[in-house]
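To start, the structure itself, in structure tokens.
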Amino acid sequence: MKESNFNISNERIIRNAIQERIMNNELKPGDTLSSENVLPDEFGVKRIVVRNALVQLEKMGLLDSRQGVGRFVKEKRPVIELDRSGRRSFSDKMREQGVDYESKVIFAGYATEREQEKYRQTLTVGDDVSIFKVARLRIVDHMPCAIHISYVREDMVPDINEETEQLASMFNYYGKHGYTNLKSMDTHIHTAFPTLEEQRHLECGELVPLILKYIDYWKGRMTCLNRI
């Protein structure tokens, strides 16, 4: 077998060691890390190596820093249960769990030409039907946790462009228009890193992985495609 040239850097070793301490609850949310002057001695490396490792952990959303305090373990984001049955809204499920929840519309308008082209086949529409895009920010316990994007066939809800104030809950909006029990027909899950816009909305670092969940809903015809 050919010998591998793969090397693990000291920076990665430090990052992994601290990450494991957090995962094993040796370091708990709010705990302050040892300083950049102490950690180099612990790991036997230069200070710049430790600093680079800590900066990466901040970008991954595991650490936070405060001037005059140092670096500390970041509070964990709330755990969200997702309902794929299509029988109740995300908002209703949060209320049932007694969770402080808010859904904020951050975009409501026609999808870009690129998005229109991408989703026409999925939504089974031709060039004569426009696709409307609605993006909501999910805020749980005062923390932004997810961006929920719906792509909607305009012919299914022709007045959607004049009813943007009703779009905080797409489930309830569909219900008002007679579309109920929106059964999930197909689900795909992927991962990606957040764009700059998503980092601003979610208040997260660039190396915090996002779960992208694509769901097709069917009610006689395709009504929307959600990306969470």
Side-chain angles (χ1 to χ4, degrees), residues 1-82 90 93-94 97-107 135-149 188-214 227-228:
M1 180 182 294
K2 185 178 179 180
E3 186 176 348
S4 173
N5 292 323
F6 181 76
N7 293 317
I8 299 177
S9 66
N10 287 330
E11 180 183 320
R12 185 178 297 184
I13 291 172
I14 296 168
R15 193 168 65 235
N16 187 71
I18 295 174
Q19 187 173 354
E20 285 188 355
R21 293 175 189 177
I22 295 172
M23 292 174 64
N24 294 332
N25 284 322
E26 295 174 36
L27 286 171
K28 298 178 174 60
D31 284 355
T32 303
L33 266 69
S34 301
S35 71
E36 289 183 14
N37 294 323
V38 173
L39 288 174
D41 292 335
E42 178 182 343
F43 290 101
V45 297
K46 294 181 179 179
R47 181 175 178 178
I48 187 63
V49 177
V50 169
R51 177 176 294 178
N52 289 341
L54 296 178
V55 168
Q56 290 297 304
L57 288 167
E58 285 186 41
K59 292 179 179 180
M60 293 167 64
L62 296 174
L63 300 180
D64 208 345
S65 61
R66 192 177 302 152
Q67 190 171 3
V69 177
R71 288 185 174 87
F72 54 92
V73 180
K74 207 168 184 178
E75 293 289 336
K76 294 182 179 179
R77 301 255 171 171
V79 176
I80 303 175
E81 292 184 35
L82 298 177
F90 184 88
K93 183 155 188 175
M94 291 295 99
Q97 296 179 33
V99 174
D100 191 334
Y101 168 75
E102 180 185 358
S103 177
K104 183 184 297 184
V105 176
I106 55 178
F107 180 85
R136 284 94 66 215
L137 181 64
R138 308 292 201 189
I139 303 172
V140 178
D141 287 338
H142 308 288
M143 296 181 67
C145 292
I147 297 173
H148 189 133
I149 303 174
H188 303 279
I189 296 178
H190 307 276
T191 59
F193 291 109
T195 63
L196 282 174
E197 183 179 6
E198 289 170 334
Q199 290 173 46
R200 282 192 287 267
H201 284 305
L202 294 171
E203 299 175 11
C204 68
E206 62 191 274
L207 296 181
V208 176
L210 299 184
I211 296 177
L212 308 183
K213 185 178 179 184
Y214 296 85
R227 176 185 174 189
I228 302 171

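Each residue takes its place number in the sequence, starting with 1.
- When all heavy atoms of K74 and E203 are compared, the closest pair comes out as NZ-O, 4.1 Å.
- For H142, the NE2 atom counts as loosely surrounded, since its 6.0 Å shell holds 12 or fewer non-hydrogen atoms of other residues, nucleotides or ligands.
- Between L39 and L54 there is a side-chain heavy-atom pair separated by less than 4.5 Å.
- Note that CG of L27 and OG1 of T32 are 10.0 Å apart. Values are rounded to the nearest 0.5 Å.
- Closest non-hydrogen pair, E75 versus P29, comes out as OE1-CB, 3.6 Å.
- Put simply, the side chain of D100 does not reach to within 4.5 Å of the side chain of M143, judged on heavy atoms.
- I106 pairs in a side-chain contact (heavy atoms from CB on, under 4.5 Å) with only one of the listed residues (H148, R136, H201), which is H201.
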Applying side-chain contact (heavy atoms from CB on, under 4.5 Å), run through L137 and L202 and close with a yes or a no.
CA-CA 8 Å; L137 181 64; L202 294 171; 3.9 Å; yes
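- The shortest distance between side-chain heavy atoms of R138 and S103 falls below 4.5 Å.
- Residue E58 forms a salt bridge (Lys or Arg N to Asp or Glu O under 4.0 Å) with just one option from R66, R71, R51, and that option is R71.
- Between G30 and F72, the shortest heavy-atom contact is O-CB, 4.1 Å.
- When every heavy atom of E11 is checked against every heavy atom of V49, the shortest pair comes out as N-CG1, 3.7 Å.
- For the atom pair K104 NZ and I139 CD1, the distance stands at 4.5 Å (nearest 0.5 Å).
- Scanning all heavy atoms of the two residues, the minimum distance from F193 to L207 falls at CE2-O, 3.5 Å.
- The number of heavy atoms from other shown groups lying within 6.0 Å of CD (E197) does not exceed 12.
- To the nearest 0.5 Å, atoms CG (L33) and OG (S65) are separated by 11.0 Å.
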Using the side-chain contact (heavy atoms from CB on, under 4.5 Å) rule, take L62 and M23 through it: C-alpha gap first, then chi angles, then the decisive distance, then the call.
CA-CA 10 Å; L62 296 174; M23 292 174 64; over 6 Å; no
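- Residue R15 holds its CZ atom at 10.5 Å from CD1 of I8, rounded to the nearest 0.5 Å.
- The CD1 atom of I48 lies 13.0 Å from the CG atom of N10; values are rounded to the nearest 0.5 Å.
- Inter-residue side-chain proximity for Q19 and I22 is flagged as unmet; no heavy-atom pair is nearer than 4.5 Å.
- Formation of a donor-acceptor pair under 3.5 Å by the E206 side chain with backbone atoms of K59 is not found in this model.
- At distances below 3.5 Å, not a single donor-acceptor pair connects side-chain atoms of N16 with backbone N or O atoms of R12.
- Of all non-hydrogen atoms in C204 and V208, the two that sit nearest each other are CB-CG2, 4.0 Å.
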